[in-house]
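Have a look at the structure below before the remarks.
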Amino acid sequence: MPELPEVETVRRTLAPALGATIATVWHSGKPLRLNRAVPVAAIRRAAGGRAITGVRRLGKYLLVDVDGPRSLLVHLGMSGRFRLCAPGTARAPHTHVVLRLADGRELRFSDPRRFGQFDVVTRGDERAHPSLAVLGPDPLEEGLDAATLHAQARRRKVTLKSFLLDQAVIAGVGNIYASEALWLARLRPSRRTGRLTEAEARLLTRSVRQVLEHALEHGGTSLKDFVDADGREGENAEYLRVYGREGEPCSRCRTAIRRTLIQGRATYFCPTCQLP
DNA sequence: ATCACGACCTGGAGGC
DNA sequence: TGCCTCCAGGTCGTGA
């Protein structure tokens with residue numbers, strides 16, 4: 001479900017939880033990603049009785065900072081939701097972790113497919129966590145530059161689509177925005193990275209940023225599952241140019257958008273204005 | 001080392 | 001109605 005704009009939208013809408021104290025921690029008992037147990041005891045030690053001091057984002061990961069040396073690491077996987085709920089709200093099915101706040105509100109993590117992740121990290125040493133260690137630069141920060149991207153591309157032989165999905169290259173791009181950014185840059189998703197010119201790398205870098213920023217301005221893309229911390233859907237789906245639009249006319253040249261599979265993932269492109 | 005594929009898990013949509 | 005198949009926004013382990 002959630003790529004960078006969606007995760008950032010959740011992060012922003014969690015602002016009203018800042019300053020609140022986490023009273024108790026509840027867990028469904030079900031494992032999450034890779035059948036890995038949620039470390040409830042460690043979460044209780046790290047967050048129980050402590051105030052939430054901040055919420056940060058690294059790529060598609062959220063970091064909930066609390067008083068003391070640790071932070072909670074949250075990844076929404078495909079179907080995860082992280083919501084701030086008023087007291088007395090009915091608990092959704094597939095709720096797996098609940099942080100009950102001292103004022104009665106609850107921060108609830110639900111995830112039907114259980115591809116998500118909930119863990120504890122040490123603040124200041126976040127990169128020691130294996131999930132965060134490999135993350136590349138965040139496209140909304142200054143860390144991503146075209147020259148580095150170009151150099152990396154030249155060393156690899158994958159398709160541009162796979163390249164963009166690699167979280168070590170850019171942290172936060174997922175399946176929707178990979179197609180969208182390549183459309184904007186007029187590059188065919190099946191192109192091999194080795195053939196990327198410097199000018200194209202600049203264009204691609206700009207396109208990635210533009211697509212993500214635009215989606216963020218519209219509160220993210222809600223196709224099925226995504227809602228922000230208040231339960232509201234994003235409006236960006238109506239602005240998608242290619243994703244999910246097979247057969248519809250390209251908004252630049254009117255050619256029918258095509259759908260193909262790259263590494264088993266649905267990929268959308270315009271066969272006329274995206275150069276192979 | 002790099003790459004492509006399948007697996008993980010549940011639910012919704014569509015076909016019959 | 002019910003049953004079947006396919007598909008889904010992510011990541012990781014496998015084997016070539």
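What you see below is based on every heavy atom in this structure, not just the backbone, and it leaves out hydrogens, waters and symmetry mates. Please read these numbers as outputs of a predicted model, since none were measured by experiment. Here is how names work: the chains are called A, B, and so on, in the same order as the sequence lines, proteins then strands, and each is numbered from 1.
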Writing each nucleotide of DNA chain B 5' to 3' as (, ), [, ], | or . by Watson-Crick or G-U pairing under 3.5 Å yields .|||||||.|||||||
Closest of B/dA4, B/dC9, C/dG10 to the A/Ser162 side chain is B/dA4
Pairs under 3.5 Å (N/O, protein and nucleotides 14-16 of chain C):
none

Rounded to whole Å, the CZ-C1' distance (A/Arg81 to C/dA8) equals 14 Å
NZ or CZ of A/Arg91 within 45° of A/Trp26 ring axis and under 6.0 Å
yes
Taken to the nearest whole Å, CG/A/Leu34 to C1'/B/dC9 is 12 Å
Across the strands shown, which category fits A/Arg259 at heavy-atom distances under 4.0 angstrom: base, sugar-phosphate, nothing?
sugar-phosphate
Please work out which of the three classes, parallel, tilted or perpendicular, describes the rings of A/His75 and A/Tyr61, given edges at 30° and 60°.
-> perpendicular
Taken to the nearest whole Å, CZ/A/Arg156 to C1'/B/dT2 is 8 Å
Original post:
Are side-chain N/O atoms of A/Arg123 and A/Ser71 paired as donor and acceptor at under 3.5 Å?
Top reply: yes
Under-3.5 Å donor-acceptor pair between A/Arg113 side chain and B/dC9 base
yes
Inset, instruction - For the pair A/Arg12 and A/Asp228, find out whether any cationic side-chain nitrogen is under 4.0 Å from an anionic carboxylate oxygen. - result: no
### Message
With the six-membered base ring of B/dC8 as reference, does the ring of A/Phe115 sit under 5.5 Å away with planes under 30° apart?
### Response
yes
For the P atoms, the ones on C/dC3 and on B/dC9, what distance do you get once it is rounded to whole angstrom?
23 Å
Residues passing the side chain to side chain contact (heavy atoms under 4.5 Å, CB included) test with A/Arg105, sequence neighbours excluded, are A/Pro16, A/Ala20, A/Leu84, A/Pro87, A/Leu101, A/Asp103
Considering every strand and a 4.0 Å limit on heavy-atom distances, what is the contact class for A/Tyr243: base, sugar-phosphate, or nothing? sugar-phosphate
_Donor on one side chain, acceptor on other, A/Glu248 and A/Tyr268, under 3.5 Å_ = no
> At under 4.0 Å, does any side-chain N or O of A/Gln263 touch on OP1 or OP2 of B/dC5?
Replying inline: no
From the candidates B/dG11, C/dA8, C/dT11, the one with an atom nearest any side-chain atom of A/Tyr268 is C/dA8
Touch class at under 4.0 angstrom, heavy-atom based, for A/Gln117 against every strand present:
nothing
**Request:** Please work out if A/Arg265 contacts a base, only the sugar-phosphate, or nothing of the nucleic acid, heavy-atom cut-off 4.0 Å.
**Result:** base
> Does a salt bridge link A/Arg156 with A/Asp166, judged by any charged N lying under 4.0 Å from a carboxylate O?
Replying inline: yes
